[in-house]
2 protein chains.
Amino acid sequence: MNRTMNEYLKIDPWKIVEERFDAARMKSSESLFALGNGVMGGRANFEERYTGPTLQGNYIGGVYYPDKTRVGWWKNGYPEYFAKVLNAAFWIGVDISIDGETLDAAQVEVLDFYRETDMRRSVLTRRMRVRMRSGAEVAVEAVRFLSLARRELGVVSYSVTPLDRAAEIVFSPHIDADVRNADANYDEKFWEEVATEEDAVRSRTKKSGFEAAWAQAVTLEGAEFRCETTPERVRHRAAVRRGPGERATLYKYAGICSSLNHAPDDLVAAARAVAADGRAAGFEALLREQEEAWAARWHRCDIRIEGDAAAQQGIRFCIFMLLQTYTGVDTRLNIGPKGFTGEKYGGVTYWDTEAYCLPFYMATAGREVARELLVYRYNQLDKAIENAAKLGFRDGAALYPMVTINGEECHNEWEITFEEIHRNGAIAHAIRNYVRYTGDAAYLAEGGLEVLVAIARFWAQRITWSEARQRYVMLGVTGPNEYENNVDNNWYTSYIACWSMRYAAEAAAWVREHRPEAYARICAKRAFDEAAETAVWADIDRRMYFGEDRERGIFLQQDGYLDKEQLLARDLDPAERPINQHWSWDRILRSCLIKQADVLQGLYFFGDDFDRETLRRNFDFYEPRTVHESSLSPCVHAVLAARLGDMAKAYELYLRTARLDLDDYNREVGEGCHVTSMAGTWLAVVEGFGGMQVRDGVLCFAPRLPEGWRSLEFRVDYRGRVLTVRVQPGRVEVTNEGAPVEIVVLDRSVRLVDRIEIAL
Amino acid sequence: MNRTMNEYLKIDPWKIVEERFDAARMKSSESLFALGNGVMGGRANFEERYTGPTLQGNYIGGVYYPDKTRVGWWKNGYPEYFAKVLNAAFWIGVDISIDGETLDAAQVEVLDFYRETDMRRSVLTRRMRVRMRSGAEVAVEAVRFLSLARRELGVVSYSVTPLDRAAEIVFSPHIDADVRNADANYDEKFWEEVATEEDAVRSRTKKSGFEAAWAQAVTLEGAEFRCETTPERVRHRAAVRRGPGERATLYKYAGICSSLNHAPDDLVAAARAVAADGRAAGFEALLREQEEAWAARWHRCDIRIEGDAAAQQGIRFCIFMLLQTYTGVDTRLNIGPKGFTGEKYGGVTYWDTEAYCLPFYMATAGREVARELLVYRYNQLDKAIENAAKLGFRDGAALYPMVTINGEECHNEWEITFEEIHRNGAIAHAIRNYVRYTGDAAYLAEGGLEVLVAIARFWAQRITWSEARQRYVMLGVTGPNEYENNVDNNWYTSYIACWSMRYAAEAAAWVREHRPEAYARICAKRAFDEAAETAVWADIDRRMYFGEDRERGIFLQQDGYLDKEQLLARDLDPAERPINQHWSWDRILRSCLIKQADVLQGLYFFGDDFDRETLRRNFDFYEPRTVHESSLSPCVHAVLAARLGDMAKAYELYLRTARLDLDDYNREVGEGCHVTSMAGTWLAVVEGFGGMQVRDGVLCFAPRLPEGWRSLEFRVDYRGRVLTVRVQPGRVEVTNEGAPVEIVVLDRSVRLVDRIEIAL
């Protein structure tokens, strides 16, 4: 893997830059230049008409449609619906005509093209110089952002400058609510119109009944706008005349409001008010607000790398996308695999959130934001209990869905939906991770314990007592390595199951002791009999079967893993990679090749439970068998390689995630960016190269730089402080902007007041 | 299970009789009264208009449509199309109006109703007395058959008698080619019109390009027909007047011809000629032909049971349906799970054909017919090699499809398509079964060996050498018990794999020795290196891993089977059965419960390889764990129970298949009858109660009557002779209508000239 394989985008520390117009890359760029403010977002579609291949996408977080499931063969327990992220109204529209000719980059000659996202402030700028069919040359500049300070406001400035002759320019700013999802199982349209007014449109989603309204307010010096609104389409129109070199700039302020936050009948008024307030504030003032809001964000979480400009851009892009996707202001929202950059993987929440994203938000956005992610699952606990009941589990056992928006399961492949149950463990692990990092044990009493008990109950019913082995076994599961389905005794699943039961018991004891009232309430509400249930859990934990190969000193991924032909990834024909594009599913399943960290995921999550030699042996066995065909895989291996001091390996693995989308390794970024795996890249840097871990309640750093990096500097929010860790060859410096705190650097405990420096 | 649970149909030895009109049972009766002549068939829809719930179905064997696959989630290797049985033109139509009012049993009052299939001659008769809304009472009699003597001819006589007043009766015999499948993945219409003429319509299937034409010739005394043909619809119309008690009878002769047997441009003329010849022969003469043709059929295969009228009707119905479905006149045809009784399971050929149906046709229709079934697979060998190549197998290895019409795989559930590979073994087994029963070893040289070698090659690549076990293992398979998916070392699959390799080697030696020219041709054509390849097969056979539980003395269905909770079917809550309707797929997969014979299927196929005690132990272990939720399961257990002398068990199991459809145990006969499992019922009677087996090349009988049966008499065609076996308590009598033959009765070898009688 070579990070220069696809040098289309310019390397820049703070910007994503495209310097030419390539229609074949349009969809990819639409993903890469996507904008979001945590509650809404959209792809970098052009404002003006574009008739080339494009994937239109504007999304409002939390507004979804339950699309009827499509299956090959129905199995009992499958969900009937797949809740999908909705493509919502195209609010950015500004159609342009020059002397009667429509501006459409697919139809005219593009002479110059420049597009950038300024990640420092989340502003998309596009400049184009085109020659119209009439021969007229025109310059265009479009600047767009989604306000982080005003979450329902989108802003566009659109300038046109005739270059070689005077021209009549017609601006038609518009909102088009007649939109569809590219991915609809039965080609349905998901939205229906409620009302269209002069400057606003209001629509409702079928079945789910969400409503939203979009309003626009526009200004253009010296122009009179005429309304040309038609059902589902708001459109204003104004013509201006400009001489050569004279610029005409339209400002468009769009209010985008949904019934998540407003009464349906107030929506139009609310959207109109947002747009009008935006217009009153004016473009420049809004831009300043945006810069300030984003500067505050970056202050808490920036990462600086000296000596590797591509890596610098890569990690900033990851952080930027994560910040654009989720800001923790609403417990109904979560982090979809594609964020606001595409429709794919329709549902929103996967175990990615708990396993990969939580640590990022915890360390960069603070406790309150991270807590929202836990509350999201807490609010869906009863649905998870229903979900488990549908599969035959009883007594308040919960199985969280593989994919969900509203708590209901959306996925329907039996080997995933019913069997990839380790996700339940990741949700328990996230609670521990949160409590450990933030110190907020009180959350156990507020929501955590209920979730933990329900998850432990699930595991206690999901295991089987094997008479033959005189051990508990875990039959019929799919581990994180989805290249094995329906296996017995997947080590990772069994381990996280036992751990979940132990931690649930521990949490119960803590709540009983420290929050007796909450304890009593929870016992009553959940019919929780601590003594009896924890005794069962302890018995299972004590007598659980775990596969090992003693000779090799490794844990066995699952029963029978060593019966497979022991191929190594490096011996594969490069022309056959990725194997998921070249091998039949049958061949993949029967091979020993591993899609993503599985045993090693367990050694990552539960590193404290195992000694370094155990990690070493398992890493040396499983890493060469791992093909990393999930974007979530290399980051975990990178952290482990760094823990083992194998920095060359760590760096090699890091490179596989760092610029995955920017360099479009998998030729699929057109569908959207791999947003959740970007959190993995952050983990690789902060936990891998920064060596950050919480051990025994204390934050520890054990930095190790990859070769060639002159320095690495990252910031984390830790219990209300912003710590900056700066690593250079031979030394590490930690500064603290908050109250003094105990930390460990390279196994040395220190009390950090404002700054320490330690030689490596 | 009680065979009187659903006594809707009248018990009669030769007829299926329905004595009242019940719209709720319309679809079930349409299945049960379906007609077929081996090359075409159809459901027992009413000839006249019927606006109640109905499933229209008229099918032409071998005419199919490749419907685009529908999947939940695509996997590499899935087929793109699912070849579907096509609902073809509704040729039986005779619309009736009485004094201007349409006769429609859903709209008028049905006073009396009688419907029968006379199985002796395959004639469907329906009599109805109705009161029209006008108050007029009318009697109707419709008689219909598909000629066995003239395979492209369908005949209807339709009589109307005004009962209480004179009436004008309008007869509109018609053919409607504007039809659709109920089951179409994307709601497509599969047929398109080529031409419609006065008396005939010609259509073409989209994509697959089959053509068919339907023509009608009609007579009605004293009537003048007027043509009212419109695109895709042929219609004639005549009005007659009849006084009370005066009958008017329309005779309709339909020619149904397809491009399987005619050049497309000749189709209309051909269909017209069939219809005209039918009219020239006349209804009564055609009916006599039908009776004679069917009498000849029954002569070779009837089964008589005295002392159990329901069983008598049940087994005759099974034989009748099998005879209607397949007659071996065309190697492009095969036996679909629903025959000509419904569209479900769209494709036609499953391993049912080889495992269940072949023995029936071999023993009742003779060697030539049975051979056609083998040739069907031989003709599809190259497609099976392509199918295997698609999954990554090389060098002429063949994997026959799970479901097919034209040799291409149609099924797309990975756990079935890629893993239920034991089907390949059943195809090899059928060749052995055929050679053993018919003595026609020459077939090995003509086609058998090529198929066997290709199958053996598949197995030799599908196994894996396990370093850990120092044995060959068979990873990632689904056995006949589809309630376990993706298991390792399914005993049945591994056994049939090794057996296939042994038999391929044996067949190769036979052909080399006895048909050297054919041997040379095959070696060249298939690049077959006997010495090298059979050495590999022998090595695999010698070192293959087979799971056993030595303590219990049983073969293990698969790795880890004994880790499961050992539930017994009898301990299940009856309200939760069948479990496939009440349990989640997850729960089913994790349970030890067995859908259909799996280890026991192997002990049935390869009975000679195991001693009685081994069979006993395995039967006693697996039978109680088997829920028999496939219609193909109880028959195999019934045969084994009978072999073990457990007649009560054998009879109990036999009852679960014998009247499955007639009594609609599973409340699903509306979709069609379980035609292939009817062959299993025949096996239960002939191989179970009749104890018929071929051992060391000799036909053996070891009859054992179930309690209460006064006698059982069955006929089998054995190497050109018709043998009649009559079993009574204490004695068995075998008569022979052909040349003398050596047989074994109850372990005694006898030379059967014309008749022997032996005490039991």
Side-chain angles (χ1 to χ4, degrees), chain A residues 69-78 82 185-187 390-393 399 411-419 421 462 464-469 471 473 475-477 484-489 545 549 559-566 579-591, chain B residues 69-78 82 185-187 390-393 399 411-419 421 462 464-469 471 473 475-477 484-489 545 549 559-566 579-591:
Chain A
T69 288
R70 197 167 67 185
V71 295
W73 199 275
W74 186 263
K75 313 267 194 207
N76 289 343
Y78 273 175
F82 190 117
N185 285 340
Y186 296 91
D187 293 328
K390 213 170 140 189
L391 303 189
F393 297 88
L399 175 60
H411 197 88
N412 57 350
E413 289 175 291
W414 64 267
E415 64 275 18
I416 307 292
T417 311
F418 305 150
E419 301 207 332
I421 52 176
R462 187 56 166 73
T464 301
W465 174 253
S466 166
E467 278 297 328
R469 305 199 201 209
R471 279 275 177 280
V473 291
L475 304 179
V477 298
E484 303 276 358
N485 294 157
N486 195 32
V487 298
D488 294 339
N489 299 310
Y545 171 79
D549 182 74
D559 283 3
Y561 182 78
L562 290 176
D563 283 333
K564 292 170 177 259
E565 189 188 356
Q566 295 298 317
I579 59 171
N580 68 21
Q581 287 175 23
H582 296 92
W583 287 15
S584 69
W585 187 240
D586 167 55
R587 190 170 170 198
I588 289 174
L589 282 182
R590 283 188 289 123
S591 86
Chain B
T69 288
R70 197 167 64 185
V71 295
W73 198 276
W74 185 263
K75 313 268 194 205
N76 290 343
Y78 273 175
F82 190 117
N185 285 341
Y186 297 91
D187 294 328
K390 212 170 140 190
L391 302 189
F393 297 88
L399 175 60
H411 197 88
N412 57 350
E413 288 176 292
W414 64 268
E415 64 275 18
I416 307 293
T417 310
F418 305 148
E419 301 208 332
I421 51 175
R462 186 58 165 72
T464 300
W465 173 252
S466 165
E467 278 296 326
R469 303 199 202 209
R471 279 274 176 281
V473 291
L475 303 180
V477 298
E484 302 276 359
N485 294 158
N486 195 31
V487 298
D488 294 339
N489 299 309
Y545 171 78
D549 182 74
D559 283 3
Y561 183 77
L562 289 176
D563 283 334
K564 291 170 177 261
E565 190 188 354
Q566 295 299 317
I579 58 171
N580 67 22
Q581 287 175 22
H582 296 92
W583 287 15
S584 69
W585 187 241
D586 167 56
R587 190 170 171 196
I588 289 174
L589 282 182
R590 283 188 291 121
S591 86

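Chain naming here is simple, since letters A, B, ... match the order of the sequence lines and numbering starts at 1 in each. Any value given below was found using the heavy atoms of this structure, including those in side chains, with hydrogens, waters and symmetry copies removed.
Within the 4.5 angstrom heavy-atom criterion, no atom of A:Tyr78 approaches chain B. Contact annotation for B:His411: only side-chain heavy atoms (C-beta onward) come within less than 4.5 Å of a heavy atom of chain A. If you measure heavy-atom distances from B:Val473 to chain A, the contacts under 4.5 Å come from the side chain alone. Residue B:Ile579 touches chain A through its backbone alone, counting heavy-atom pairs closer than 4.5 Å. Using a 4.5 Å cut-off between heavy atoms, B:Leu391 contacts chain A through both its backbone and its side chain. Proximity to chain A involves both the backbone and the side chain of B:Lys564, based on heavy atoms less than 4.5 angstrom apart. Both the backbone and the side chain of A:Leu562 come within contact range of chain B, with heavy atoms under 4.5 Å apart.
In this view, A:Phe393 and A:Phe458 satisfy the ring pair (Phe, Tyr, Trp, His ring centres under 6.0 Å) rule, not counting sequence neighbours. A search for salt bridge (Lys or Arg N to Asp or Glu O under 4.0 Å) contacts involving B:Arg587 returns B:Glu576, not counting sequence neighbours.
Expressed to the nearest 0.5 Å, how far CG of A:Asn485 lies from CD of B:Glu419 amounts to 8.5 Å.
Side-chain contact between A:Asp563 and B:Leu475 is present, with at least one heavy-atom pair separated by less than 4.5 Å. Side-chain atoms of A:Thr417 and B:Trp585, non-hydrogen and from C-beta on, never get closer than 4.5 Å to each other. Proximity of A:Ile416 to B:Trp73: side-chain heavy atoms (C-beta onward) are nowhere separated by under 4.5 Å. Counting only heavy atoms from C-beta outward, the side chains of B:Asn486 and A:Glu415 never approach each other to under 4.5 Å.
Between A:Arg462 and B:Asp586 the shortest heavy-atom distance is NH2-OD1, 3.4 Å.
Of the listed residues (B:Asn185, B:Val71, B:Asn489), the one with the most heavy-atom contacts under 4.5 Å to chain A is B:Val71. Here B:Trp414 is the residue among B:Trp414, B:Tyr545, B:Trp465, B:Trp583 with the most heavy-atom pairs under 4.5 Å with chain A. When A:Glu467, A:Arg469, A:Gln566 are compared by the number of non-hydrogen pairs under 4.5 Å with chain B, A:Arg469 comes out ahead. Taking chain B as the reference chain and counting heavy-atom pairs below 4.5 Å, the highest number among A:Gly392, A:Gly72, A:Gly77 is found for A:Gly72. Top candidate by heavy-atom pairs under 4.5 Å with chain B, chosen from A:Thr69, A:Ile588, A:Asn580, is A:Asn580.
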